[in-house]
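Inspection log for the structure reproduced underneath, given as structure tokens.
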Protein chains: 2
Amino acid sequence: MATPREADRAPSSSSPADVPTTASLPEESAPSSRATEAELLACVALMRMAEPGERVMGRLVRRYGAVAAADQARRGVLDPEFASAETKRARAAGRMPALDRLAASWAARYADPVRDLAEGREQGARLVVPGDPEWPTQLEDLGDERPYGLWLDGAVNLRFACLRSVAIVGARAATAYGAQVAAELASGLGDRRWTVISGGAYGIDAAAHRGALASGMPTVVVLACGTDVCYPTAHQDLFRVVRSQGVVISEVPMGSRPTRPRFLVRNRLIAALSRGTVVVQAAVRSGALNTAGHASELNRHLMAVPGPITLEVSEGCHDLIRQGRAVCVTSVQEITELVGTIGGDLALERRGPVHPRDALNDETRRVLEAVPSRVGTGPAAIAVSAGVDLTTTLSCLGRLAAAGFIDQSDRGWRLRREQDR
Amino acid sequence: MATPREADRAPSSSSPADVPTTASLPEESAPSSRATEAELLACVALMRMAEPGERVMGRLVRRYGAVAAADQARRGVLDPEFASAETKRARAAGRMPALDRLAASWAARYADPVRDLAEGREQGARLVVPGDPEWPTQLEDLGDERPYGLWLDGAVNLRFACLRSVAIVGARAATAYGAQVAAELASGLGDRRWTVISGGAYGIDAAAHRGALASGMPTVVVLACGTDVCYPTAHQDLFRVVRSQGVVISEVPMGSRPTRPRFLVRNRLIAALSRGTVVVQAAVRSGALNTAGHASELNRHLMAVPGPITLEVSEGCHDLIRQGRAVCVTSVQEITELVGTIGGDLALERRGPVHPRDALNDETRRVLEAVPSRVGTGPAAIAVSAGVDLTTTLSCLGRLAAAGFIDQSDRGWRLRREQDR
């Protein structure tokens with residue numbers, strides 16, 4: 001089937017001649033056809049030419065399909081109708097339209113997609129593009145910032161793995177407490193058959209991936225560099241295990257180095273792939289809070305784990321909670337209650353231990369409090385001390401003795417020792 | 001002036017003959033007269049006869065004044081009109097009326113108030129009763145559970161000390177973290193001229209008192225036993241310092257031992273005296289949460305400090321936050337913002353460090369990201385890597401060099417090292 005899946009969103013009246021104006025396809029809730037090689041090549045070319053999350057490119061692809069969009073970008077010449085709409089849009093937003101420059105930069109970055117695709121496959125990765133069976137359809141929520149395609153390297157089907165998934169993100173400079181919490185939440189989520197998604201960084205990310213792997217469930221590493229680039233270098237072993245039990249993914253071409261802006265745009269994928277994001281430790285200004293922001297914008301559940309107020313990496317979490325942006329979560333159950341199906345994953349309300357004293361009525365409790373612990377005392381003294389009349393006191397004492405709270409000594413009533421009960 | 005201050009709430013039509021039916025007094029916002037010796041003696045007798053917070057006694061005192069109420073209680077015979085109203089009230093609430101038994105228990109506990117008063121004064125304490133200049137008028141919020149009187153032992157005027165006050169409460173089994181947080185919040189509040197109120201117990205309470213003392217401000221210990229009883233015994237030195245710099249108070253007679261129910265009713269005083277309560281560490285079922293409940297009921301601000309989710313003593317705080325009952329607070333400023341005057345004590349929003357990169361526009365930032373850190377690179381390669389056209393790249397490079405971000409080597413542009421900036 002050779003239909004560009006993106007074309008279904010384009011009004012057929014404005015479709016250029018080189019894009020088939022097929023009637024709109026049914027909603028792609030369960031896509032079942034593979035992309036053509038031409039489409040794959042177009043997406044690979046787009047990933048090389050445009051920065052991820054570039055909205056103008058996103059709209060170009062949505063309007064003309066990947067193949068035509070890649071062709072326009074390669075030539076550095078955009079359809080005049082599209083160009084004028086974009087120029088209007090930029091002016092309305094108060095920005096200087098710089099469309100020519102943008103198109104020229106796309107053209108300048110063009111590289112042979114045949115070689116790119118072959119190189120990726122040689123590295124053991126597979127390319128998944130919108131409309132593919134393995135494409136996670138929740139990425140459609142990103143709208144104009146949807147990725148052009150994803151490189152996947154791992155044993156697991158990305159789309160299935162993400163159906164029940166939670167993102168756990170946080171500080172690279174995590175403390176032992178933070179790492180422990182991330183690992184335990186992740187393995188607890190795994191035990192409940194949830195997939196954990198994170199960014200593969202030091203600290204919270206790594207702890208979360210490791211916790212998930214320990215539970216035997218897949219985990220998804222979303223990289224800001226090519227799937228063939230190991231960043232951070234020390235995570236070579238971690239990523240190797242993830243590839244065998246989960247999947248390492250990226251929206252940038254093979255060999256791409258991670259840059260600061262790429263980390264930030266990468267974060268939208270972590271938020272969009274999952275049903276909710278848990279921030280474990282985060283300084284006030286951090287990548288994790290950037291992911292949190294994406295989660296909110298995408299109407300995903302945003303959760304934050306509290307921690308010691310004496311740590312700087314707690315501040316971001318506490319701010320999210322204080323501002324009412326994130327729900328304070330302290331256990332796996334509290335997380336699954338939010339991201340799970342209603343009724344299926346309800347957190348139990350925490351209860352303290354039940355004391356046998358709780359069963360006593362008010363007067364009996366007052367009498368019990370008036371019974372001395374060592375030397376025995378008579379009922380009259382107990383009645384006065386308890387502020388309860390003698391008759392009532394006597395019947396209370398009988399009940400308390402029967403329940404094993406007190407016993408009688410030579411000198412009167414006294415508390416029964418704990419070990420005797 | 002011999003008017004029973006409580007009489008002003010009693011409808012004069014139903015006042016018994018032995019209580020002067022004075023026209024209602026003006027609101028006691030700034031009481032200036034001392035109670036008569038007869039009133040003091042009546043209150044001392046009430047403190048001996050009735051349990052603190054006993055609502056029936058509270059209503060009796062409100063209706064007839066302390067002197068007449070003490071007289072009825074001592075005789076164990078209540079005014080028939082009052083008794084029938086109370087019986088009706090109990091039936092309406094579905095409780096078995098047990099008024100005779102209650103009155104009998106009051107009579108049984110009667111002790112000579114002259115001796116009680118003298119004994120308290122010998123111990124160095126002073127009795128303060130409703131209407132006294134030192135009576136904290138915010139205790140009126142307790143309604144029927146208002147204390148009959150308070151024993152005070154300390155250098156400081158209770159009413160003034162509590163005008164700007166915060167309660168800090170929490171677990172006896174506090175961790176080092178909890179104790180540190182309680183002490184630091186308390187001393188920080190002291191630095192801002194806030195009085196800290198707590199229960200004098202081990203753990204959070206003691207740390208809070210010590211922190212307050214360290215700031216040089218008064219602190220108020222509210223005991224569940226007589227002010228002459230040192231509970232816990234190990235706090236002899238602490239209470240001695242509090243008496244010299246603050247005040248130790250209690251609503252139970254000299255010599256009274258602390259009992260479990262007394263701890264619970266005592267907690268309402270801690271909540272009522274202060275403008276807000278901060279829970280630092282608390283297990284799910286704990287006295288601190290009981291105080292928290294009182295604070296909510298009294299419409300005082302309720303705050304909780306988060307902590308490691310791995311500690312049991314964090315659970316109570318996190319539950320309060322999760323249920324939306326308490327505001328999550330992490331600093332003195334966040335506390336004073338709530339309990340302070342509007343506008344006078346606003347917490348600053350926390351901000352991360354400002355990076356010089358923030359001043360750069362989008363293109364310039366992309367160019368900066370494309371500049372290598374060690375070996376220099378030419379502008380054309382940078383332009384391609386940044387996805388920015390060459391002309392723009394050149395002008396960006398100039399700006400970045402001027403701002404000190406990059407410099408030129410033999411082989412092209414490279415990042416300037418941090419220490420050179």
Side-chain angles (χ1 to χ4, degrees), chain A residues 49-51 54 98 100-102 104-106 108-109 177 180-181 184 259-262 283-286 289 305-310 314-319 321-322 327-331 334 349-353 355 357 362-363 365-366 368-370 383-392, chain B residues 49-51 54 98 100-102 104-106 108-109 177 180-181 184 259-262 283-286 289 305-310 314-319 321-322 327-331 334 349-353 355 357 362-363 365-366 368-370 383-392:
Chain A
M49 290 188 283
E51 279 298 315
E54 166 62 64
D100 292 348
R101 246 158 52 189
L102 189 61
S105 79
W106 291 340
R109 298 219 289 189
Y177 161 73
Q180 182 197 340
V181 165
E184 283 181 6
T259 61
R260 197 178 306 233
R262 274 185 191 151
V284 168
R285 195 181 162 127
S286 61
L289 292 194
V305 178
I309 63 169
T310 43
S314 295
E315 291 179 4
C317 293
H318 294 154
D319 279 357
I321 293 168
R322 275 178 56 77
V327 175
C328 169
V329 291
T330 67
S331 68
E334 290 168 4
E349 205 173 303
R350 200 148 35 191
R351 292 218 169 275
H355 297 303
R357 278 170 195 257
D362 196 51
E363 267 170 347
R365 211 175 303 146
R366 268 157 72 190
L368 178 57
E369 293 293 341
V384 168
S385 162
V388 175
D389 68 287
L390 186 59
T391 323
T392 315
Chain B
M49 291 188 284
E51 279 297 314
E54 166 61 63
D100 293 347
R101 247 160 50 191
L102 189 62
S105 80
W106 289 340
R109 299 218 291 186
Y177 161 73
Q180 182 196 342
V181 165
E184 283 181 8
T259 62
R260 199 179 304 236
R262 274 187 192 150
V284 168
R285 194 179 162 129
S286 61
L289 292 194
V305 178
I309 62 169
T310 44
S314 295
E315 291 178 3
C317 294
H318 294 154
D319 280 357
I321 294 168
R322 276 178 55 77
V327 175
C328 169
V329 291
T330 66
S331 68
E334 290 168 4
E349 207 175 301
R350 202 147 34 192
R351 294 218 168 276
H355 296 304
R357 279 171 195 257
D362 197 51
E363 269 171 345
R365 212 175 302 146
R366 269 157 72 190
L368 177 57
E369 293 295 341
V384 167
S385 161
V388 174
D389 67 286
L390 186 60
T391 322
T392 314

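Here the structure is a predicted model, which is why all the values come from computation and not from measurement. Chain A is the first sequence line, chain B the second, and so forth, proteins listed ahead of strands; every chain is numbered from 1.
Interatomic distance, B/Ile321 CD1 to A/Arg322 CZ, rounded to the nearest 0.5 Å: 10.0 Å. Atom CG of A/Asp362 is separated from atom CD of B/Glu51 by 9.5 Å, given to the nearest 0.5 angstrom. For the atom pair CD of A/Glu184 and OG1 of B/Thr310, the computed distance is 8.0 Å after rounding to the nearest 0.5 Å.
Put simply, the side chain of B/Pro261 does not reach to within 4.5 Å of the side chain of A/Arg365, judged on heavy atoms.
The heavy-atom pair separating B/Pro306 from A/His318 by the smallest distance is CG-NE2, 3.2 Å. Taking every heavy atom of both residues into account, A/Tyr177 and B/Ile309 meet most closely at OH-N, 2.9 Å.
Each of B/Val305, B/Val327, B/Thr392 has some count of heavy-atom pairs under 4.5 Å with chain A, and the biggest count is that of B/Thr392. Of all the listed residues (B/Asp389, B/Val329, B/Leu368, B/Leu390), the one sharing the greatest number of non-hydrogen pairs under 4.5 Å with chain A is B/Asp389. Among A/Pro308, A/Cys328, A/Ala283, A/Ala370, the residue making the largest number of heavy-atom pairs under 4.5 Å with chain B is A/Pro308. Annotation: maximal heavy-atom pairing with chain A below 4.5 Å, among B/Thr391, B/Val384, B/Thr259, occurs at B/Val384.
With a threshold of 4.5 angstrom between heavy atoms, A/Ala386 approaches chain B through N, CA, C or O but not through any side-chain atom. Interface remark: B/Ser385 contributes backbone atoms only to the contact with chain A (heavy atom separation under 4.5 Å).
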Could you give me the CA-CA distance, side-chain angles and deciding distance for B/Val388 and A/Ser105, then say whether side chain to side chain contact (heavy atoms under 4.5 Å, CB included) is met? CA-CA 5 Å; B/Val388 174; A/Ser105 79; 5.7 Å; no
Please lay out, stage by stage, how B/Thr330 and A/Glu315 fare under the test side chain to side chain contact (heavy atoms under 4.5 Å, CB included). CA-CA 8 Å; B/Thr330 66; A/Glu315 291 179 4; over 6 Å; no
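A salt bridge links B/Arg101 with A/Glu363: the distance from a Lys NZ or Arg NE/NH1/NH2 to an Asp or Glu carboxylate oxygen falls below 4.0 Å.
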